[in-house]
Amino acid sequence: MKPFKLIVIFMIVSFCINAHAANIQAKNEAENDTISLTVDSIYIPLFTKIPSAPIALNETYDQFNTAIAELEANTNLNDGTNIIFDLVLDNDAIPNIQNTFILEQVNNTAYIKLGGKLDYEKVQEYRITVRAMNVKGLKAEAVVLIKILDENDNIPEITGNLNGVILEHEPAGTFVMQVKAHDNDGTSSHNIVSYRLEGTARQYFHIDSKTGNITSLVEFDREAKDIYPVTVIVEDNSPSVLFNNGKPNSAVKQLFIRVLDKNDHPPRFDEQYYEVNNIPEDADINTSVIKVKAMDMDKDPKIKYSIIENNIGKAFKIDEDTGLISVNKKLDYESIQEYDLVVQAYDGRFKSTTNVWIQIKNLNDIAPQILTLTNVTIKENTIPLDCIANLWAYDPDIENFEYPQNIQYALPKEHQHLLSIDDKGCLKLLQPLDRDPPHGQEVIQINITITDENGKGRTVMETVYIFVEDINDNAPQLTNRMPVVWSENRPSAMITKLTAKDADGEHNGPPFFYSVDPDAPTEIKNRFQTVGDELYSLVEFDREQQKQYLVPILIRDSGHKPMSAVSKLLVVIGDKNDNEMQMGQSHILVNNYEGKLADTQLGRVYVSDPDDWDVSDKMFLWDEMTPETNRKLFKLNFNTGMITMIKGTPEGIYNLAFTVIEESSYFPRHNVSVRVTVTVKNISAKTVNQSGSIRFYNVTAETFISQTLGELNTPMYRLQQSIASILDTSPDQVDIFTINNRKLARGAFLDVFFTVDDTIYTSSEVLNAVLSLHLRQLEEDVGYRIVTVGIDECIEKGHTCTQTCKNKVLKTAKPIVVNTNTSSFVGMTTLVQAQCIPQIESSLVACFNGGTFQNGKCNCPMGFEGSLCEKLDICFDGSGYAIYPSINSGNVNNISIELLPRHKDGLVFYMGPLKYDPSLKTSPFLALEINDGSSVSTTAVIGGYLPPSISSSLRAVTQVKSVVNQSPKRD
């Protein structure tokens, strides 16, 4: 008999069963047969009792144990079996998705009961479809319509600004403010609000009962009273079902109305006449002269100051807000010796003036004068032996030129390495000059400072220009804007016109001669050639074979003794949409810190397509298979395919389905289905505080989450497997929540933060310590070099701290998004920062282990005897030990330990890493041992190795069963 599948088609009186049979043998094409069966409709279940009319329920109805509707049905089989009832979840049943109504069955009777609270404002009507099914699997359906009636169960809410203002002396009836309120009930029978005032405010204000507009009843005087409290009551329009007192719901709010001041007083200056003596004529611009002040009896006056008369040449200016008068232009005693300024104060309505008399002080302000000044031409890359220029200056204050002029010459600092000048004005060249870019100059401007009185008097600056003569010492370079884009599938043609520039002058530059470098690879010479200054393609390119080419172009100039050089032209093969896309599947992992992640772009919908410039030819749509509940949590950009997760998305696994439509001139319009799985995990602050961290070298986040050829899993999953193997747990218990690319002084690194659930390793110190013992295994499993287990920034930056350094973990909900084609990772931002800790005063030190600081000391729980509630003694049997966080050495002067050993050899105390790190530049640890039962010694490592006894003792850390932690919580 051939295998077949059933396709059931229901009809009104009977139904047919079409059996489709297909030959599963692969030798020939499939054969199809159809068998028609007829079943009598008398076997279909029959409802014998259903509600005859819609059921009306008040929205406050809460009888959860009382049946709302009763339905009965029989099987029509007459075999004594019972009907099976259930609720049908179709589109009409979406309002009941939260099980607002539930179904209970007793024999052949179904009872619909209330399963959750009703709310008219959310759902006004429910269509409940009840399905009855007999043992033959035949079904019948009945619809129960339940209408929800609105009730007054919402209290009005007052919104908006609750403070108003009115100017004093405004007439009665002046508008002050509007009070706004709304009622969330669903019908006008219950949600129309009215306003009224209560208390003494009714003597001064009136409120419109419908609009909430408040107007004044009297004329106010701010000096008598400047603020009035006003109580506003807002009521709705029907009796409340919340209080059942026959009264409407109401809200009460107190607001404040302030009376504002009017400007009715003129400003008055403190002085009617101000006098300032001996302002030097060489005073700098913005030099303060005097500050005038005017007072105004009004509250918060806005006084503006201005100079309105006698400010000749605008020599002075005044700050319009502060009244500060300062120098605005250069003063000259020889032109004007004094000023009598008229200053005005203006408050927006009234004005007043005062006089300010300013006397200018005469100074000796004649600077040296230059007699001879010449410009110079020097050939680049040469140094003349003699003076390249001679300057001669004199002091006009010395009447006779024959007297010593006492002139000193000085060069600016930026030219002192290049030139020198003596007191006679001889300017010499110290280094050869370069005329050509990027560092050379055609003309060098030398600003020489000339000072009289042997460098203590007046100065003047004169400029000497040095013109640098060109020689041909630079080869030309390409100037084409790169990359040059040349589309695939184009026949041979000109790609671009080549352009170049030469740092030398024009006579040593163009015209330029171009050719493909004779030493270029054969594949380049077979694909490109130059004709004059044009670059041509010799073949049709396919971007899917190679996306870009670096074409070496040999360029020669036309100067004396021509120079040539090779420049590389980046040619990018432009994409054409000449490959049909295929269906794709991708996975996105989202780590949501404390559930605070804002709307976040997770990555694009991935389809398998060799083309990569064809997004504009695609349209991205939701597939109907994606539940509406999922669509509400994610947004899709129809043009780019970018998926955005909405803020507040709960943790869980979300299967998203999409349809991608593509259209191109190379193939007909088509579409494919795409599946994206988004896994959202919430990361708590406690999880981060207990997390471990690893820093990898020379690997990017994109590579870390990608699966490469020849590898079964991604490096990230291999890390999870390796950690799980070391800690004897499942990889599912290892959560990686941060993958962060770091560009540091020593190179490119990748910081990975993770947590391990369901283990005894609940502190960062222990987790990192245990894993550091297996560093080589982790490197071999993951395939990348590990710099350190337990990221420690104090190694690099601790030397800058005067006391001690502590690592602080900084964490925010800001996402770090890593996108690849088939997978994306959204992690939280987690960083380790080196923090310098000063010497801490004892009064500021926190008490450990639940102790409290009182009266200058710590009050400690029983069993913790230290001054800061430390545990001072502990016993170990066999191979037991305890691991603690690092000691902040800046706060420790000495460490004392008393021992009662049971063995003559062993490790007592160790502080440092559990594996040697070659990046450490100082002695990495301190250890204390018992040797031969009596000798107690301290050991500091020099040279980067662990003594055998210490190494042996430290290997026992892998057998940790419990950890005693006496320190405060880690930052």
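- When Asn639, Asn577, Asp609 are each tested for a side chain to side chain donor-acceptor pair (under 3.5 Å) with Lys618, only one passes: Asp609.
- Note: Ser824 OG to Glu702 CD = 10.0 Å, rounded to the nearest 0.5 Å.
- In this structure the side chain of Asp436 reaches within 4.5 angstrom of the side chain of Glu380, judged on heavy atoms.
- Residues passing the side chain to side chain donor-acceptor pair (under 3.5 Å) test with Thr738 are Thr830, sequence neighbours excluded.
- Environment of CG in Leu538: crowded, with over 12 heavy atoms of neighbouring residues, nucleotides or ligands closer than 6.0 Å.
- Remark: side-chain polar atoms of Asn637 are paired, donor with acceptor, to backbone N or O of Thr640 under 3.5 angstrom.
- By the 4.0 Å N-to-carboxylate-O rule, Arg776 lies close enough to Glu779 to be salt-bridged with it.
- Phe749 does not carry Arg742 over the face of its six-membered ring by the limits of under 6.0 Å from the centre and within 45° of the normal.
- Distance check: Phe753 CZ to Thr829 OG1 gives 10.5 Å after rounding to the nearest 0.5 Å.
- Atom OG in Ser586 sits 9.0 Å away from atom CG in Asn821 (nearest 0.5 Å).
- With hydrogens and angles ignored, the 3.5 Å screen pairs a side-chain donor or acceptor of Ser558 with a backbone N or O of Pro511.
- In this structure, the side chain of Thr714 engages the main chain of Tyr717 through a donor-acceptor pair within 3.5 Å.
- Screening residues 410-452 for ring-ring contact (aromatic ring centres under 6.0 Å, His included) gives no qualifying pairs among residues at least two apart or on separate chains.
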Practice item. Show your working on side-chain hydrogen bond (donor to acceptor under 3.5 Å, both in side chains) between Asn741 and Thr700 and close with a plain yes or no. Key: CA-CA 6 Å; Asn741 288 318; Thr700 65; 5.3 Å; no
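- Judged purely by atom type and a 3.5 angstrom limit, Gln408 has no side-chain atom pairing as donor or acceptor with the backbone of Asp423.
- In this structure, Thr459 contributes its side chain and Thr449 its backbone to no donor-acceptor pair below 3.5 Å.
- Applying the salt bridge (charged side-chain N to carboxylate O under 4.0 Å, His left out) test to residues at least two apart or on different chains, the pairs with a partner in residues 468-488 are Arg435-Asp470.
- Looking only at side-chain heavy atoms (C-beta outward), Ile816 and Val826 stay at 4.5 Å or farther from each other.
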Point to revise | CA sep, side-chain torsions, deciding dist, call: Asp452, Asn406, side-chain hydrogen bond (donor to acceptor under 3.5 Å, both in side chains) | key: CA-CA 6 Å; Asp452 59 18; Asn406 301 320; over 6 Å; no
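- There is no side-chain donor-acceptor pair under 3.5 Å between Asp434 and Asn381.
- Side-chain atoms of Ser823 come within 3.5 Å of backbone atoms of Ile705 as a donor-acceptor pair (strictly under, hydrogens ignored).
- Side chain of Asn480 to backbone of Lys497: a donor-acceptor contact under 3.5 angstrom is found.
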Check your understanding: Does the salt bridge (charged side-chain N to carboxylate O under 4.0 Å, His left out) test come out yes or no for Asp611 and Arg543, once each step is laid out?
Key -> CA-CA 8 Å; Asp611 298 313; Arg543 178 177 171 84; over 6 Å; no
Exercise for review: Take Leu419 and Leu430, measure what side-chain contact (heavy atoms from CB on, under 4.5 Å) needs, and give me the verdict at the end.
Suggested key: CA-CA 5 Å; Leu419 300 159; Leu430 301 178; 5.5 Å; no
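- In this structure a side-chain-to-backbone donor-acceptor pair under 3.5 Å is missing from Thr287 to Ala283.
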Practice item. Start with the C-alpha gap between Thr451 and Arg458, add the side-chain angles, then the distance that decides, and say whether side-chain contact (heavy atoms from CB on, under 4.5 Å) holds. Key: CA-CA 6 Å; Thr451 309; Arg458 301 286 297 178; over 6 Å; no
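- The environment of Met494 atom CE is dense: over 12 non-hydrogen atoms of other residues, nucleotides or ligands sit within 6.0 angstrom.
- In this view, Glu534 and Tyr536 satisfy the side chain to side chain donor-acceptor pair (under 3.5 Å) rule, not counting sequence neighbours.
- With ring centers used as reference points, Phe704 lies 6.0 Å or more from Tyr784.
- Not a single donor-acceptor pair under 3.5 Å links the side chain of Asp617 to the backbone N or O of Ser664.
- In this structure, Ile370 and Ile450 have side chains that are in contact, with non-hydrogen atoms separated by less than 4.5 Å.
- A pairwise comparison of heavy atoms in Ile421 and Tyr409 identifies CD1-CB, 3.7 Å as the closest pair.
- Listed by first and then second residue, the ring-ring contact (aromatic ring centres under 6.0 Å, His included) pairs involving residues 515-534 are Phe528-Phe541, Phe528-Tyr549 (not counting sequence neighbours).
- Checked for salt-bridge contact, Arg695 and Asp751 meet the test: a charged N lies under 4.0 Å from a carboxylate O.
- You'll find the side chain of Gln833 stays beyond 4.5 Å of the side chain of Asn807, heavy atoms only.
- The minimum heavy-atom distance between Ala503 and Asn474, with the atom names listed, is CB-CG, 3.8 Å.
- His560 NE2: 12 or fewer foreign heavy atoms inside a 6.0 Å radius.
- Annotation for Leu371: atom CG counts as buried by contact number, over 12 foreign heavy atoms lying within 6.0 Å.
- No salt bridge links Lys547 with Asp575; every basic N to acidic carboxylate O contact stays at or beyond 4.0 Å.
- Crowding of Lys330 atom NZ: a count of heavy atoms from other residues, nucleotides or ligands under 6.0 Å exceeding 12.
- Under the salt bridge (charged side-chain N to carboxylate O under 4.0 Å, His left out) criterion, no residue pair touches residues 502-528, with sequence neighbours excluded.
- Side-chain atoms of Thr530 and Ser515 include no donor-acceptor pair closer than 3.5 Å.
- In this structure, CG on Leu602 lies 6.5 Å from CD1 on Ile643, to the nearest 0.5 angstrom.
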